[in-house]
Asks: 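Dumping the structure here so I can ask a few things about it.
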Amino acid sequence: MIDQVEVNQQLMFDGESDEKQFLTFMMHDEEYGMDILAVQEIRGWEPVTTIPNSPNFVRGAMNLRGTIVPIIDLRMRFGISAIEYGPLTVVIVVSVQIKDQQKIMGLVVDAVSDVYSIAEEKAKDVPDFQDSDNAYFVHGLVNVGQKMVVLLNLEKVLDLSDKSGLKG
């Protein structure tokens with residue numbers, strides 16, 4: 001059964017026409033965002049079928065209306081300590097174009113947070129940290145009110161064939 005999630009839309013800037021909407025979610029007390037156009041649905045956590053010999057961040061696969069969807073734990077993908085899944089844990093099912101192929105994948109996150117309209121030019125580049133694999137996954141950083149949101153590059157996060165930035 002699909003969990004219905006209501007999100008509060010907040011316009012953070014002056015209604016600029018080049019704003020995009022980002023679904024934000026929580027992991028390790030940090031807020032992350034992804035382009036809402038990539039999101040197909042949000043589901044509550046449910047057990048998945050394990051895939052042998054897969055990277056540790058691939059939790060398994062689920063059958064979503066006839067489509068086999070790999071499930072990736074973003075905490076593990078980013079090298080963040082694992083936690084036990086709880087009632088707020090969700091799977092965000094996304095569809096992303098990766099190397100001329102449309103991929104559908106599920107991302108396990110701690111909780112869904114909000115939807116923001118953000119002008120992409122407001123996003124700041126990630127500080128240059130040497131040997132930082134996680135910066136590879138980040139599109140930019142943006143201030144939303146008093147907090148900072150990490151905007152993800154889903155194509156890089158979900159490209160499992162690309163070994164750069166790979167955790168696990």
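In this chain, residues are counted from 1 in sequence order.
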Asks: Given side-chain contact (heavy atoms from CB on, under 4.5 Å), test V96 with I104 step by step and report yes or no.
Replies: CA-CA 7 Å; V96 177; I104 298 174; over 6 Å; no
Asks: Not counting sequence neighbours, which residues clear side-chain contact (heavy atoms from CB on, under 4.5 Å) with I83? List them please.
Replies: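 By the side-chain contact (heavy atoms from CB on, under 4.5 Å) rule, I83 matches R75, D110.
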Asks: Using side chain to side chain donor-acceptor pair (under 3.5 Å) as the criterion, list what pairs up with Q102, not counting sequence neighbours.
Replies: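 Once residues adjacent in sequence are excluded, the partners of Q102 under the side chain to side chain donor-acceptor pair (under 3.5 Å) criterion are S95.
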Asks: For L158 and M105, work out which heavy atoms get closest and say how close.
Replies: O-CE, 3.5 Å
Asks: List the residues meeting ring-ring contact (aromatic ring centres under 6.0 Å, His included) with Y32, not counting sequence neighbours, and say none if there are none.
Replies: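 In terms of ring-ring contact (aromatic ring centres under 6.0 Å, His included), with neighbours along the sequence ignored, Y32 is linked to F25, F78.
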Asks: Answer whether the closest heavy-atom distance between the side chains of E155 and Q97 falls below 4.5 Å.
Replies: no
Asks: With a 4.5 Å limit on heavy-atom distance, are the side chains of D73 and I71 in contact?
Replies: no
Asks: For side-chain contact (heavy atoms from CB on, under 4.5 Å), just list the numbers for L23 and V112, CA-CA rounded to whole Å, side-chain angles, deciding distance to a tenth of an Å, and then say yes or no.
Replies: CA-CA 8 Å; L23 173 71; V112 169; 3.8 Å; yes
Asks: Would W45 and V91 satisfy side-chain contact (heavy atoms from CB on, under 4.5 Å), going step by step from the backbone distance to the final call?
Replies: CA-CA 6 Å; W45 168 253; V91 176; 3.7 Å; yes
Asks: Who are the salt bridge (charged side-chain N to carboxylate O under 4.0 Å, His left out) partners of K20, not counting sequence neighbours?
Replies: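 K20: salt bridge (charged side-chain N to carboxylate O under 4.0 Å, His left out) contacts with D35, E120.
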Asks: How close do A61 and I68 get, counting heavy atoms only, and between which atoms?
Replies: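 Looks like CB-CG2, 3.9 Å.
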Asks: Does E30 have any salt bridge (charged side-chain N to carboxylate O under 4.0 Å, His left out) partners at least two apart in sequence or in another chain, and if so, which?
Replies: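 If we apply the salt bridge (charged side-chain N to carboxylate O under 4.0 Å, His left out) test to E30, skipping adjacent residues, there are no hits.
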Asks: Applying side-chain contact (heavy atoms from CB on, under 4.5 Å) to V93 and R43, what does each step give before you reach the verdict?
Replies: CA-CA 8 Å; V93 179; R43 305 172 57 90; 4.0 Å; yes
Asks: Can you name the residues that form a side-chain contact (heavy atoms from CB on, under 4.5 Å) with T50, not counting sequence neighbours?
Replies: none
